[in-house]
Structure formats: structure tokens, C-alpha cells
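What follows is a short report on a single structure.
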Number of protein chains: 2
Amino acid sequence: MNNSIQQLRQQHGWSQADLARHLGVSRQTVNALERGRYDPSLPLAFSIARLFGMAIEDVFQPVRD
Amino acid sequence: MNNSIQQLRQQHGWSQADLARHLGVSRQTVNALERGRYDPSLPLAFSIARLFGMAIEDVFQPVRD
DNA sequence: CACCTTTGTAAAGCGTGCTTTACGTTGAGG
DNA sequence: CCTCAACGTAAAGCACGCTTTACAAAGGTG
């Protein structure tokens, strides 16, 4: 599962800590998501998409088989 | 997080076991999702939405605070 | 009645999602 | 040179997502 979190965050001029605060998660979580260490939970994916005003499908791209 | 899995499954005339086979998960997982015992992982949410030809946002509805 | 399908549930087990605390590196600015 | 912000990473710990095996209850069909 790839995602566009880093680009979206940088477009807003936010640090990882800024984004973490907006999402209500830890900075380490934002870092792990950006670096693809794991996928967010579905509720967190919703929070991220809503924060950036996008559909989940536009923020996250399932890796094709 | 509410979801429309049961209605979508029934519209297709599928049993929980049928849906589980289409998704590649266990029947117990489908049952747990329909009954709201927990939320699916993001990849599984993608599989469900794609199987029914819908957007994730149309299958899953985050509970509002 | 006997059987079969469907659904609900439980327990044990494994990997993942997220936390807190903590430390190392890099780059910009005094 | 020193400092500070930002990022990357690690370890321990807890809760969740999903598995397998297993059993019980309800409804239809022979």
C-alpha cells in the first residue's frame, strides 16, 4: 500500500510533528506511515483523507499484485 | 465505524462464506466485520470496496463524534 | 425425524498499529 | 562553534485484525 502523505504534508508546509498533532497520533506514527513501514488503521486513513480534503482512494494506492 | 457489508453481500445473494472466499479471508472475519466487532485493515477495506464496485467512503461510514 | 446450510460465538495464537521514552544524524542560523 | 528543528530509528508494551478449530442454534428440505 503506497501513499501520498509526505507530498500532501509538505504541500501544507507541515513538519511530521505538525501533521501528527492535527491527526491526534504520535510523530513516530506519521513517520512510519510516510516511510511505508505499515498501513494506517481504517479510521486513521479516514482522518488523513478528510484532513487533506481527498478521497481515501486518492491518498492511498494499493500495490498491484 | 459503521459499514454496509451485510446489505451489499445480501444484494449479491451471497452467504458470509461466499463473501469470505471472494475476499480471501475467513468466514469469521466477514461475520465480525458485519457485526461491527472490529474494523478491517486498510487493504481489506480496499478489497471490499473494489469487489462491490464502490468507494471506500460509500461502504464505510466513520462514526461521528 | 434426520440432515444440511447459514449464522453466531469462543479460545488460542500470531502479526500489525500505535504508544511512550529515548537517542543519533543532519542542516540551517545565531 | 553551538544550538535547535526536523527526521529516522529502536525497544517495550498494549490493543486490534485475522487465522484455525470447534461448537451451538435456527431454518429449510429430504
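Naming convention: chains lettered A, B, ... in sequence-line order (proteins, then strands); numbering from 1 in each chain.
- One donor-acceptor pair, N or O on each side, does fall under 3.5 Å between the base of C:dT21 and the side chain of A:Gln28.
- Remark: P of C:dA10 and OH of B:Tyr38 are 13 Å apart, rounded to the nearest angstrom.
- In this structure, B:Arg9 contributes its side chain and B:Trp14 its backbone to a donor-acceptor pair below 3.5 Å.
- With C:dC18, C:dT7, C:dG8 as the candidates, the nucleotide lying closest to the side chain of A:Ser41 is C:dC18.
- Checked against D:dG8, D:dA6, C:dC18, the side chain of A:Ser15 finds its nearest nucleotide in D:dA6.
- Looking at the side chain of A:Arg27, the nearest of the listed nucleotides C:dA22, D:dC18, C:dT9 is C:dA22.
- As rounded to whole Å, 16 Å separates atom P of C:dG17 from atom CD of A:Glu34.
- Residues B:Ile48 and B:Leu33 are in side-chain contact: their nearest non-hydrogen atoms beyond the backbone lie under 4.5 Å apart.
- At whole-Å resolution of the value, CG in A:Leu23 and C1' in C:dT19 are 15 Å apart.
- Note: CD1 (A:Ile48) to C1' (C:dC18) measures 12 Å, nearest angstrom.
- Between the P atom of D:dC16 and the CG atom of A:Leu42 lies a distance of 15 Å, rounded to the nearest Å.
- Residue-to-nucleotide proximity on DNA chain D shows that, of A:Gln10 and B:Leu33, the 5′-proximal contact is made by A:Gln10.
- Comparing C:dT19, D:dG17, C:dT9 by their nearest atom to the side chain of A:Val25 picks out C:dT19.
- Side chain of B:Arg9, nearest nucleotide from D:dT19, D:dG8, C:dT7: C:dT7.
- Nearer the 5' end of DNA chain C, as judged by each residue's closest nucleotide, is the contact made by B:Asn31, out of A:Asp39 and B:Asn31.
- Atoms CD (B:Gln16) and P (D:dT19) sit 13 Å apart, rounded to a whole Å.
- If you take CG of A:Leu44 and C1' of C:dT16, they are 14 Å apart, rounded to a whole angstrom.
- Nearest heavy atoms, B:Gln6 versus B:Asn3: N-OD1, 4.5 Å.
- The side chain of A:Thr29 contributes an N or O atom lying less than 4.0 Å from OP1 or OP2 of C:dT19.
- Residue A:Gln16 is tested with A:Arg21, A:Gln28, A:Glu34 for a side chain to side chain donor-acceptor pair (under 3.5 Å); the sole match is A:Glu34.
- Shown here for A:Met1 and A:Val63, the closest heavy-atom pair between the two residues is N-CG1, 3.4 Å.
- Between the CE atom of A:Met1 and the P atom of D:dG17 there is a distance of 15 Å, rounded to whole Å.
- Proximity of A:Ser26 to the phosphate of C:dT19: a side-chain N or O atom is located under 4.0 Å from OP1 or OP2.
- For A:Arg37 against D:dG8, a side-chain-to-base donor-acceptor contact under 3.5 Å is absent.
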